[in-house]
Structure formats: C-alpha cells, structure tokens
Number of protein chains: 2
Amino acid sequence: MKLSKTSMQAALAMAFLAEQASDQFIQARQVGVHLGVPTDSALKVLQALARHGLIQSQLGRSGGYRLSRPADLITIAQVVEAVRGPIQGRAHLSTSDNKLTREIDILQGLCDKAAITLRAEFDRLTVADLRRTAPVSACVNS
Amino acid sequence: MKLSKTSMQAALAMAFLAEQASDQFIQARQVGVHLGVPTDSALKVLQALARHGLIQSQLGRSGGYRLSRPADLITIAQVVEAVRGPIQGRAHLSTSDNKLTREIDILQGLCDKAAITLRAEFDRLTVADLRRTAPVSACVNS
DNA sequence: GTTCCCCTACTCGGATACACTTTGTCCGAGTATGATCGG
DNA sequence: CCGATCATACTCGGACAAAGTGTATCCGAGTAGGGGAAC
C-alpha cells in the first residue's frame, strides 16, 4: 500500500497543527514552510481537511487553521480519506457482455474486504501518535 | 483497495487457463477473445505471468500457455505481483532536509504494515477459488 | 520411403503513442482585523 | 473620544497546466511444427 504525496502532506500538516497551542490559528504559509512546499499546495490540503471538519478555518486578517478536536481523536484514516476520498475497494474492469461476471464479482468482493481491512489498519493510528518519539509499531500491532 | 485493469485481466486469464486440460497449450489469441481484449494486451499479461513462473509458454507453431502448477496452488497475490510488482508500502514524500524524518518514518512503518496485511488478504484466495460458484466470502473471512 | 528445406503460426521483447490520474500553480473573490479619518 | 471608512492580510474555490503512471498498440526477431520436393 502506498500513501500519496498529498496524503503525506496532510498527515504532516495535522501533526504540525497538533504541536501548536489549541486556540491559536496557524496560517497556510507557515504550514507550507514547515512542509517545504509552496503555500498554494499547503492551502489545497488544508482546505480539504477543513471541508471534512478535521480542522477549523478562520477567515480574515489574522486567520488560519487549527485542529477542531484533540489530536488523539483524529485517525490517519480520517486524514487520508479527507484528501483522497473514501478508502474502498474497486475492481477496474468494464463489466462487458462477457460471462465473466462471477469471477469479477469474486474479485470485487476481495477488493472490498481488503479495503475494510486496510481502513481498520489506518484507523489504529492517530495524529497524536505521530508526535511520539518511541517507535509506533506496538501501536499498530496491538 | 483497487485492482488495476491489468491485474483483473491477469486473474481472469489464469482462471481461464485453469478451465482447460492441464496438458493443453492455449494461445494468447484465445485468451484475448475470452477476456474481450486485443491479442496484444493478453500477450502482455501472459508474458508477465510466464516470466514469474506462474504459467508455462510453448514457442512455435502449436504453442501457447498453460498453468505451471495446479490452480489451487496459485494465489491471487502471486498473480497480482507478477503483473504489478511486489505489494509493498511506500510513503511518497521526498525526505528533504526537514526534521520531519520521525513522522515520515512512522507513516512509512504504517504503510509497510498495511502492505503486509493486504498481501496476506490476497494470499488467501487462489485461482481455483475463482471457479467456484458459491460466494467466496467465507474463504476470505476464515 | 526417407531426408532435407522452406513456409507458416505462434511467442518474445522492446518501443511507442495514448489516456487517465495525480500534482503543482495561478487567479479572482470574499472576509475579518487594524489603521485612519471625520464628527 | 467615538464611529464610519479604507487598506491589508488572510482564506476560499475554481480553473488550468505540468508531471507521472498506467494502458493500448505496433513492430521486428526468434522458434517449433508441418508440408513439399528431391533423393
């Protein structure tokens, strides 16, 4: 399984916001500097996260972004789904007039099941876990 | 999780070869017709499967392809890895000079773990299972 | 009848063009804060 | 001293170009089997 660049940026941005005071708004510019990406790119990610309610945005002169709830209540699965859409199984093949529907259905079912397993895996890790210094394997394993 | 078009074609081609007599060579043309794709496309898939030893190829006038071992000894994971490369976790982000290495490592570990889980899921289903008429959920669940 | 040669049908492997997804960048519009100006 | 107005700094949302990945198609080269001709 691979995490796209955008997903990584989203997770790292969330970790960055988690470091700040909970009542302070952080500007997209600062997030971009921290991630080493242009402000526009950071903005895209932050906007997606805000649309899904993971962070709050403040308009105006002293605006910015902050977490909408404690970091340990936000899972990586939620972050990834905010920027990549729902984690779900898909079997890419035009279900043409062939009689292969049975095999395709079986493979589709396999994809669905794998997606559920995958999402559960990503749900075990929270944004707060990204801040811990100790190896996180135990958390994922538990 | 999603299965690419190529992966689906590979799995369906394997299921098709599993239907044939075990000592009979099937031409790429026939596989293509069965899948509803051009012969060239089927050829690409079959060549990849042959390179990884999942099927045997016979050159010459009456050549073709056949399974190299019983269908119940070939898992979907092996088929997918033959055409898509190994199933492994990757965190797409340039590990620049930032001090984000800890967070990136944690996310990379999560990807690796997810990939292992995913591969195990795909290893539970064999090519022979694609031929069964009953729903295969039980197999995947067990 | 036997042997040699050629012809055909197929696979092999790379190369190339196309399509789709992902990524990066830009622009106009809207909003809240602070400063300024007039009463 | 107080309130209205303007300038500023930020977000919002869409649109668009660029890059990467996956997909489809084509071509020349090589190989095994069968048919035909010569002996």
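Quantities reported herein were computed from a predicted structural model and do not represent experimental measurements. All chains are named by letter (A, B, ...) in the order of the sequence lines, taking the proteins before the strands, and each is independently numbered beginning at 1.
- A straight line from CZ of Arg51(B) to C1' of dG13(C) spans 8 Å, rounded to a whole angstrom.
- Under the 3.5 Å distance criterion, the side-chain polar atoms of Asp105(B) are left unmatched by any main-chain donor or acceptor of Arg102(B).
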- Query: Checking side-chain hydrogen bond (donor to acceptor under 3.5 Å, both in side chains) for the pair Arg84(B)/Thr6(B): CA distance, chi angles, key distance, verdict?
  - Reply: CA-CA 8 Å; Arg84(B) 304 273 294 177; Thr6(B) 303; 5.4 Å; no

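- Within 4.0 Å (heavy atoms only), Ala28(B) reaches sugar-phosphate atoms of the nucleic acid but no base atom.
- The CZ atom of Arg66(A) sits 18 Å away from the P atom of dC10(D) (whole-angstrom rounding).
- Rounded to a whole Å, the CD atom of Gln27(A) is 12 Å from the C1' atom of dT33(C).
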- Check against side-chain hydrogen bond (donor to acceptor under 3.5 Å, both in side chains), Ser68(B) and Gln56(B): CA-CA 5 Å; Ser68(B) 59; Gln56(B) 292 177 338; 5.6 Å; no

Pairwise N/O distances under 3.5 Å, protein to nucleotides 21-23 of chain D:
| unit_1 | atom_1 | unit_2 | atom_2 | d |
| --- | --- | --- | --- | --- |
| dT23(D) | OP1 | Lys5(B) | N | 3.0 |
| dT23(D) | OP2 | Thr6(B) | OG1 | 3.0 |
| dT23(D) | OP2 | Arg84(B) | NH1 | 3.3 |

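- The OG1 atom of Thr126(B) lies 8.0 Å from the CG atom of Leu73(B); values are rounded to the nearest 0.5 Å.
- Considering CD of Gln9(B) and CG of Leu46(B), their distance stands at 10.0 Å, rounded to 0.5 Å.
- To the nearest angstrom, P of dA9(D) lies 17 Å from CG of Leu43(A).
- Without hydrogens or angle criteria, Gln108(A) side chain to Ala91(A) main chain gives a donor-acceptor distance under 3.5 Å.
- Between Gln47(B) atom CD and dA15(C) atom C1' there is a gap of 13 Å when expressed in whole angstrom units.
- No side-chain N or O of Arg66(A) forms a donor-acceptor pair with one of Ser22(A) less than 3.5 Å apart.
- If you take CD on Gln30(B) and CD on Gln20(B), they are separated by 7.5 Å, rounding to the nearest 0.5 Å.
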Between the protein and nucleotides 25-34 of chain D, list every N/O to N/O distance that falls short of 3.5 Å.
| unit_1 | atom_1 | unit_2 | atom_2 | d |
| --- | --- | --- | --- | --- |
| dA32(D) | N3 | Arg61(B) | N | 3.3 |
| dG33(D) | N2 | Arg61(B) | NH1 | 3.3 |
| dG34(D) | O4' | Arg61(B) | NH1 | 3.4 |

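- The interatomic distance linking Leu49(B) (CG) with dG13(C) (C1') rounds to 16 Å, in whole Å.
- Atom CG of Leu3(A) is separated from atom C1' of dT22(C) by 14 Å (rounded to the nearest Å).
- Remark: the Asp123(A) side chain and the Thr75(A) side chain contain an N/O donor-acceptor pair separated by less than 3.5 Å.
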